[in-house]
There are 2 protein chains.
Amino acid sequence: MFNATTFADDLATAPVVPASACANSNAREPRPAQHCASCSMRSACMPQTLSDQELSRFDSIVSATRLIKRGDALYRANDTFQSIYAIRSGSFKTVVMHRDGREQVTGFHLAGEVLGLDGVCTEHHSSDAIAIEDSSVCIIPYALLESMCAESKRLQQQVLRMMSGEIVRESSLMMLLGTMSAEQRVAAFLLNMSSRMKARGYSAAEFNLRMTREEMGNFLGMKLETVSRMFSKFQRDGLVQSHGKRIRIVDLDELSRV
Amino acid sequence: MFNATTFADDLATAPVVPASACANSNAREPRPAQHCASCSMRSACMPQTLSDQELSRFDSIVSATRLIKRGDALYRANDTFQSIYAIRSGSFKTVVMHRDGREQVTGFHLAGEVLGLDGVCTEHHSSDAIAIEDSSVCIIPYALLESMCAESKRLQQQVLRMMSGEIVRESSLMMLLGTMSAEQRVAAFLLNMSSRMKARGYSAAEFNLRMTREEMGNFLGMKLETVSRMFSKFQRDGLVQSHGKRIRIVDLDELSRV
DNA sequence: CGCAAGGTTGACTAGTCTCAATCCTTGTGG
DNA sequence: CCACAAGGATTGAGACTAGTCAACCTTGCG
């Protein structure tokens with residue numbers, strides 16, 4: 001049923017608009033920015049509401065892109081905050097750490113999403129952002145963004161909305177962590193990933209998870225073994241087929257009802 | 001050991017700067033605003049970084065105050081978003097609700113804190129804000145705030161910082177919900193309340209909790225019985241003395257180490 | 001004074017974690 | 001190209017934390 005040939009599977013659910021920003025390079029240092037106007041992630045990304053004029057102004061403050069290898073950090077907790085980052089391709093996890101070493105994954109972030117807003121408050125980041133696959137980001141220097149916000153009402157609104165959206169997103173995660181059973185959390189996670197993949201032009205029913213069971217478990221407030229058991233249970237019940245990181249949602253309605 | 005006379009206890013830990021905004025009224029509808037310059041919460045509140053000139057301009061957009069009785073809602077999920085609110089006196093809980101009726105308390109909010117930023121994103125609130133004691137708030141119309149942000153860089157920064165702070169606060173709650181035992185959660189909660197009381201001029205060691213065990217449990221992702229057991233355990237271990245809502249922290253260091 | 005709401009405690013249960021064995025997948029070097 | 005190592009995933013058995021249900025106590029208010 002599941003063909004394990006990753007490449008073929010990837011083709012089967014290729015994005016409508018493939019993000020191929022970093023096609024021919026392996027440099028890890030900042031490099032010239034591409035232009036938002038021609039970016040494949042534009043519709044999902046930050047400047048979506050801007051006029052053409054504002055867009056080109058915005059373009060000019062996006063100073064560079066940066067490539068991040070799988071496992072490397074885009075920034076770390078306590079780094080001084082200078083920029084926010086729009087994910088151009090790939091994906092990240094954000095992790096907060098307690099002094100005693102406990103870690104909590106606070107989110108998984110896909111192309112088009114913005115990282116780093118946690119730093120505005122104290123001018124230091126409060127979390128690590130780690131690439132969970134080779135990724136690229138656009139660097140948006142915060143001081144310039146702030147200045148431009150004073151000029152462009154639309155941009156200001158966009159930034160405020162983005163922040164508020166982050167607050168709302170985190171509230172619903174608190175709901176998940178505070179009130180749901182392990183089974184419900186995993187179901188909610190799969191549904192969430194599904195709708196985000198769909199929003200990016202991938203199949204809502206079949207996709208690759210980029211994170212390990214351990215990272216998922218850490219995010220969902222449970223152990224990796226429990227995540228694995230829930231996947232097995234969903235498979236037994238005919239809701240989902242899973243083979244490692246490859247996921248196919250078979251009965252989306254039933255999964256929503258868990 | 002614990003004297004149950006609430007009034008006397010309240011005196012024992014009276015705030016250095018009592019917030020007496022709603023002294024002589026019981027009206028529930030909007031009423032003329034007081035002035036920020038003379039407000040007892042000013043140092044803890046939103047316009048803390050503004051110049052005198054900016055402050056008076058800010059004052060002019062704070063249209064009114066409103067009294068909210070214990071148990072009443074300041075706003076509810078799906079209400080259209082028009083204003084944010086600075087708590088002048090009293091305290092609130094914010095609650096998000098799932099379609100199936102599950103509720104999660106996402107925060108307790110004390111005087112000087114700002115409520116309602118969840119609404120910026122969709123122009124509808126995503127949570128309920130319920131007064132957990134008789135309270136009063138200043139109403140800050142968001143459209144006016146937004147306009148003023150375009151003029152005052154300092155205000156813009158303040159608003160962005162506030163939002164970012166909310167994001168960071170919620171991340172640390174996710175950590176609490178995702179990685180801590182019931183005992184650790186209750187300890188962290190007490191320490192958090194303690195430092196917030198202290199920041200408001202109350203005693204850090206002895207204070208009244210305004211919420212019920214059920215509300216605490218809902219916030220901390222556990223049942224009220226478990227909260228109660230943890231209080232009893234801390235009392236047995238000599239870390240905390242509790243008598244209903246009255247709390248005295250006996251061994252703050254040890255409580256931090258839990 | 002009596003009632004309702006809130007709080008405490010106990011006994012039992014369910015759900016998740018822990019530890020451990022095993023399997024599968026992927027990448028690497030001979 | 002194959003063998004092997006290492007990381008990741010799955011599964012099982014037993015332990016333990018927190019939930020459930022129920023009884024009872026305390027406090028504040030009409």
Side-chain angles (χ1 to χ4, degrees), chain A residues 1-10 69-71 93 102 105 132-134 176-187 190 208-236 240-247 258, chain B residues 1-10 69-71 93 102 105 132-134 176-187 189 208-236 240-247 258:
Chain A
M1 180 88 30
F2 259 110
N3 176 336
T5 311
T6 306
F7 182 60
D9 278 2
D10 272 340
K69 285 228 177 303
R70 176 180 171 188
K93 62 174 175 177
R102 253 192 309 250
V105 174
I132 55 177
E133 60 186 315
D134 292 357
L176 180 142
L177 291 168
T179 74
M180 292 186 180
S181 69
E183 185 181 9
Q184 292 172 323
R185 291 180 207 192
V186 175
L190 288 175
N208 281 321
L209 296 171
R210 287 337 239 280
M211 67 293 292
T212 65
R213 298 285 188 267
E214 181 163 25
E215 289 167 328
M216 268 182 254
N218 188 319
F219 176 60
L220 297 172
M222 66 186 76
K223 293 294 159 188
L224 67 95
E225 292 94 331
T226 307
V227 176
S228 183
R229 282 184 235 279
M230 292 307 141
F231 274 57
S232 302
K233 178 173 194 308
F234 289 149
Q235 180 128 359
R236 268 200 310 283
V240 166
Q241 289 177 321
S242 67
H243 187 248
K245 295 191 160 53
R246 187 90 198 139
I247 298 294
V258 165
Chain B
M1 180 119 349
F2 259 110
N3 177 335
T5 310
T6 307
F7 181 61
D9 278 2
D10 273 340
K69 286 228 177 302
R70 176 179 171 190
K93 62 174 176 178
R102 255 193 309 252
V105 174
I132 56 177
E133 61 186 314
D134 292 357
L176 180 143
L177 291 169
T179 74
M180 293 184 178
S181 68
E183 185 180 9
Q184 293 172 323
R185 290 180 208 193
V186 175
F189 174 72
N208 281 320
L209 296 171
R210 292 319 237 292
M211 66 294 290
T212 64
R213 297 285 187 267
E214 181 162 25
E215 288 166 329
M216 268 182 254
N218 189 320
F219 176 60
L220 297 171
M222 66 186 76
K223 292 295 159 185
L224 67 96
E225 292 94 330
T226 306
V227 176
S228 183
R229 282 184 236 278
M230 293 306 142
F231 275 57
S232 302
K233 178 173 195 309
F234 289 147
Q235 179 129 359
R236 269 198 309 282
V240 165
Q241 288 175 322
S242 67
H243 187 247
K245 294 189 160 56
R246 186 89 199 142
I247 299 293
V258 165

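Each chain gets a letter, A, B and so on, in the order the sequences are listed, and its residues count up from 1. The structure presented is a predicted model; accordingly, all values stated were derived computationally and were not measured.
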Interatomic distance, [X] [atom1] vs [N] [atom2] [rounded to whole Å]:
{"X": "B/Met222", "N": "C/dT16", "atom1": "CE", "atom2": "P", "value": "16 Å"}
{"X": "A/Lys233", "N": "C/dT16", "atom1": "NZ", "atom2": "C1'", "value": "15 Å"}
{"X": "A/Arg229", "N": "C/dT16", "atom1": "CZ", "atom2": "C1'", "value": "9 Å"}
{"X": "B/Lys223", "N": "D/dA18", "atom1": "NZ", "atom2": "P", "value": "14 Å"}
{"X": "A/Leu224", "N": "D/dT10", "atom1": "CG", "atom2": "C1'", "value": "10 Å"}
{"X": "B/Met180", "N": "D/dA18", "atom1": "CE", "atom2": "P", "value": "13 Å"}
{"X": "A/Met230", "N": "D/dT11", "atom1": "CE", "atom2": "P", "value": "12 Å"}
{"X": "B/Glu225", "N": "C/dG10", "atom1": "CD", "atom2": "P", "value": "14 Å"}

Hey, are A/Arg210 and A/Glu133 close enough for a salt bridge, meaning a charged N less than 4.0 Å from a carboxylate O?
yes
Examine A/Arg213 relative to A/Phe231 and say whether NZ or CZ is less than 6.0 Å from the centre of the six-membered ring and inside a 45° cone about the ring axis.
yes
Closest to the [X] side chain: [options]?
{"X": "A/Thr226", "options": "C/dT8, C/dA20, C/dC17", "result": "C/dC17"}
{"X": "A/Ser228", "options": "C/dT8, D/dA9, D/dA18", "result": "D/dA9"}
{"X": "B/Lys245", "options": "C/dG7, C/dC19, D/dG8", "result": "C/dG7"}

Phosphate OP1/OP2 of C/dT25: any A/His243 side-chain N/O under 4.0 Å
yes
Looking at side-chain heavy atoms only, is the closest gap between A/Asn218 and A/Lys223 below 4.5 Å?
no
Side chains of A/Ile132 and A/Glu215: does their closest heavy-atom pair fall under 4.5 Å?
yes
Could you check whether A/Ser232 gets within reach of a base, just the sugar-phosphate, or nothing at all, counting any heavy atom under 4.0 Å?
sugar-phosphate
